[in-house]
Protein chains: 2
Amino acid sequence: MSEAAEDTGHATDGSGRRRGGDTRARIQQVALELFAEQGYEATSLREIAERLGVTKAALYYHFKSKEDIVLGITEDYFAEFDALIDWARAQPPSPATSREVVGRYLDIVRGGYEVFRFMERNQAAMRGSEGGKHRFEQFRPRLEALVGVLTGQDASLRTTVRVTTALLSVNFGWLFFCHPENLGDWPPSADPDELRSVVMEMASELLGV
Amino acid sequence: MSEAAEDTGHATDGSGRRRGGDTRARIQQVALELFAEQGYEATSLREIAERLGVTKAALYYHFKSKEDIVLGITEDYFAEFDALIDWARAQPPSPATSREVVGRYLDIVRGGYEVFRFMERNQAAMRGSEGGKHRFEQFRPRLEALVGVLTGQDASLRTTVRVTTALLSVNFGWLFFCHPENLGDWPPSADPDELRSVVMEMASELLGV
DNA sequence: GTCTATAGACGGATAGAC
DNA sequence: GTCTATCCGTCTATAGAC
């Protein structure tokens with residue numbers, strides 16, 4: 001969906017360099033990296049602007065606030081989850097369906113590596129309810145919906161915990177082991193295909209399918 | 001260890017009310033709650049002081065900086081992990097030992113609910129390397145050590161992922177389902193004993209013991 | 001679409017009285 | 001051990017020129 005790619009449809013110039021409307025996307029990309037590394041609150045707009053070689057004021061041409069930068073990024077991925085939820089609800093319940101749901105869940109995380117890394121490391125900032133402001137906490141309800149689809153109604157605690165853990169293990173497992181991280185030698189960086197099968201196997205066991 | 005309890009050995013007065021040295025612990029307790037709810041960077045010392053009915057300056061009598069408040073809290077729990085690692089290394093490798101390690105890991109998390117909630121939600125702030133500063137990121141090496149003890153040397157990717165997931169599922173599972181949280185009705189708040197057995201069962205399966 | 005300049009608020013931290 | 005008062009830095013956000 002939006003992975004450091006264009007979203008406004010502007011053309012490139014003759015030499016193939018990026019032009020015009022992709023500044024917006026570049027801001028989001030840089031902001032996301034810094035937010036994930038240093039934290040949302042700890043990263044200033046000045047820092048983002050500097051890394052892009054522009055000034056703060058330029059950012060405000062593209063986004064009306066700091067929060068707005070994040071909103072624009074996360075929306076796409078929440079929409080993908082919503083689509084997955086709708087799809088899952090339309091399928092007949094079966095072990096094959098469950099595995100397919102988990103597989104699609106993993107693919108969403110794969111496609112939005114930086115975004116999910118950001119969300120994982122800034123949970124407090126996402127929830128942040130300073131003075132009753134809502135902010136961008138919208139993951140929980142999606143997770144609840146997916147778990148509900150996978151467990152069916154009136155699930156036991158055991159089932160709920162296992163299914164929730166299955167999804168979050170997929171999520172975390174991918175972020176933790178498939179990393180272009182600049183940190184030490186642990187955890188080992190895994191081959192994507194191998195990691196995928198390992199993670200899917202775990203999830204299947206936890207789901208009991 | 002330090003759970004809103006005294007640590008300076010000061011006496012209480014005749015009526016049993018708290019006195020003297022426990023101000024330090026009360027600061028840590030309140031700070032931890034706010035840090036977990038709103039985020040470390042988003043919570044100001046003014047806010048902490050206000051909730052305690054004192055002024056910012058008073059906090060600086062007990063702690064030399066904002067970071068110092070957190071350091072004092074987390075140290076105890078990292079020490080508990082270190083003790084667990086030492087203990088695990090001294091045991092003969094066996095399925096029973098593995099289960100015992102996981103059980104003790106869970107007990108540490110149980111004992112430090114607020115602390116671990118804080119750490120989970122403020123990963124970015126804990127890692128925060130603004131200008132090369134180290135800060136209080138010390139969980140990873142402990143996790144690596146524990147995983148190493150549980151897998152033995154030269155473990156496959158599959159084993160490493162499963163064991164890591166086992167520990168983190170215990171961690172997350174407890175925080176996620178055993179909650180005095182003020183948020184909606186999901187996830188359901190679980191009975192501690194039941195949750196413990198569910199979580200331990202999952203971990204055992206992932207460990208393959 | 002990007003700039004300079006600045007407003008306006010709030011942050012962490014310190015000095016020194018009591 | 002807690003307070004008042006204050007310093008100084010940085011932050012988000014805006015106004016207005018080019």
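Side chains are part of it too, since the values below use all heavy atoms of this structure and drop only hydrogens, waters and symmetry mates. Convention: sequence-line order gives letters A, B, ...; per-chain numbering from 1.
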Looking at [X], I'd like to know whether one of its side-chain N or O atoms comes within less than 4.0 Å of OP1 or OP2 on [N].
X: S44(A); N: dT10(D); value: no
X: R46(B); N: dG11(C); value: yes
X: Y61(A); N: dT2(C); value: no
X: T23(B); N: dT2(D); value: yes

Which protein N or O atoms sit under 3.5 Å from an N or O of nucleotides 13-17 of chain D?
{"from": "dA13(D)", "atom 1": "OP2", "to": "Y60(A)", "atom 2": "OH", "distance (Å)": "2.8"}
{"from": "dA13(D)", "atom 1": "OP2", "to": "K66(A)", "atom 2": "N", "distance (Å)": "3.0"}
{"from": "dA13(D)", "atom 1": "O5'", "to": "Y60(A)", "atom 2": "OH", "distance (Å)": "3.2"}
{"from": "dA13(D)", "atom 1": "N6", "to": "K56(A)", "atom 2": "NZ", "distance (Å)": "3.2"}

Could you tell me if R104(B) sits above the aromatic ring of W87(B), with its cationic atom closer than 6.0 Å to the ring centre and no more than 45 degrees from the axis?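 Here R104(B) passes the 6.0 Å and 45° test against W87(B).
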
Looking only at side-chain atoms of T55(B), point me to the closest of dC3(D), dT12(D), dG1(D).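 Of all the options, the side chain of T55(B) is nearest to dC3(D).
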
[X]: which residues meet the salt bridge (charged side-chain N to carboxylate O under 4.0 Å, His left out) condition with it, sequence neighbours left out?
X: E194(A); result: none
X: E205(B); result: R162(A)
X: D107(B); result: R196(B)

Just the rounded figure in Å: distance from [atom2] of [N] to [atom1] of [X].
X: R26(B); N: dG1(D); atom1: CZ; atom2: P; answer: 13 Å
X: I48(B); N: dG12(C); atom1: CD1; atom2: P; answer: 8 Å
X: Y40(A); N: dC11(D); atom1: OH; atom2: C1'; answer: 12 Å
X: E50(A); N: dT2(C); atom1: CD; atom2: P; answer: 17 Å
X: H62(A); N: dC3(C); atom1: NE2; atom2: C1'; answer: 13 Å
X: L59(A); N: dG1(C); atom1: CG; atom2: C1'; answer: 12 Å

Hits for side chain to side chain donor-acceptor pair (under 3.5 Å) against S189(B), two or more places apart or cross-chain, chain-then-number order -> none

Return a table of donor-acceptor pairs under 3.5 angstrom between the side chains of residues 50-61 of chain A and protein atoms on other chains or two or more places apart.
{"from": "E50(A)", "atom 1": "OE2", "to": "R46(A)", "atom 2": "NH1", "distance (Å)": "3.3"}

Among K66(B), Q38(B), E37(B), which residue meets the side-chain hydrogen bond (donor to acceptor under 3.5 Å, both in side chains) test with T43(B)? Q38(B)

